[in-house]
Amino acid sequence: MDIIYVCRGKVFHGEEGYPRVVKCASAFADMIGISRPSVIKTHSKGKPYFSDSTIEFSISHSDVLWVCVYSEAPCGLDVQLKKEINYRRIGERIFSDREMRYLEMAGGGGVGSLKDAFYRLWTRTEAFAKCTGDGIFGERPELADEDGRLLDIVEWKGNKYYFSDVDIDEGFNCALCQKGSRREFEISFEIREDL
């Protein structure tokens with residue numbers, strides 16, 4: 001089972017947040033019965049990893065929320081505050097024609113539904129990029145089919161990736177990407193700000 005820790009309050013960026021990552025990873029390690037990790041390094045494209053553990057993790061933060069998923073398999077997580085932006089202009093720079101069709105179809109119901117569709121697709125795109133470590137502008141599969149429907153499973157370079165929407169807070173969108181299999185996940189909201 002994967003675990004998503006959620007902290008509302010002070011958000012730490014980069015290495016400043018690593019003590020919180022290690023503390024939560026220690027709780028996850030205790031839960032699955034392995035030794036606690038302590039050393040975080042980064043791959044060449046910036047993806048953090050434990051050099052002394054097989055635990056996989058992915059961090060995201062937006063506004064006052066900090067979230068981190070821990071797993072025994074590759075995973076990616078993204079959270080975004082749903083604020084007003086130019087969804088179409090940004091989408092045209094990032095998304096494929098199929099993905100833009102998804103936005104157009106979902107956005108036909110008005111600005112609210114376009115906003116929800118944009119953030120649902122955006123967080124899945126970011127979660128996939130974090131799962132693979134290739135970044136948002138790296139190669140990736142299309143996350144919508146030819147009819148403009150959002151996909152919950154994609155195949156990419158011989159592997160399957162599974163997407164789940166994670167209900168954390170009404171004003172935010174959060175997505176989880178799991179490589180290899182769809183695993184159950186649990187959300188822990190009991191993380192204190194001082195971690």
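The residues of the chain are indexed from 1 along the displayed sequence. Worth knowing before you read on, the calculation uses all heavy atoms, side chains too, and leaves out hydrogens, waters and symmetry mates.
- Smallest separation of non-hydrogen atoms from Tyr119 and Asn173: O-ND2, 3.4 Å.
- Summarising the geometry of Ser35 relative to Ala29, their closest heavy-atom pair is O-CB, 3.7 Å, with the distance given to 0.1 Å.
- Between Tyr70 and Tyr5, a ring centre-to-centre spacing shorter than 6.0 Å is recorded.
- Within 6.0 Å of CG in Asp97 there are 12 or fewer heavy atoms belonging to other residues, nucleotides or ligands.
- Distance check: Ser164 OG to Arg124 CZ gives 7.5 Å after rounding to the nearest 0.5 Å.
- Closest approach of Leu65 and Asp169 over heavy atoms only: CD1-CB, 4.1 Å.
- Checking Thr123 against Gln80 by side-chain atom types alone, no donor-acceptor pair falls below 3.5 Å.
- Note that the CZ atom of Arg36 and the CZ atom of Phe50 stand 12.0 Å from one another [nearest 0.5 Å].
- Ion pairing of Glu146 with Arg101 is absent here, as no side-chain N (NZ or NE/NH1/NH2) approaches a carboxylate O to less than 4.0 Å.
- Formation of a donor-acceptor pair under 3.5 Å by the Ser53 side chain with backbone atoms of Pro37 is not found in this model.
- Under a 4.0 Å N-O distance rule, the pair Arg140/Glu99 qualifies as a salt bridge.
- The OG atom of Ser71 sits 3.5 Å away from the CZ atom of Arg183 when rounded to the nearest 0.5 Å.
- Open room surrounds CD on Glu184; 12 or fewer heavy atoms of other groups in view lie less than 6.0 Å from it.
- With respect to Arg182 and Asp2, no salt bridge is recorded, no charged nitrogen being found less than 4.0 Å from a carboxylate O.
- Around CD of Glu16, the count of heavy atoms belonging to other residues, nucleotides or ligands within 6.0 Å exceeds 12.
- Look at Asp145 and Arg98 and you find no salt bridge, because none of the NZ, NE, NH1 or NH2 atoms lies under 4.0 Å from a carboxylate O.
- Residues satisfying the salt bridge (charged side-chain N to carboxylate O under 4.0 Å, His left out) test with Asp147, not counting sequence neighbours, are Arg149.
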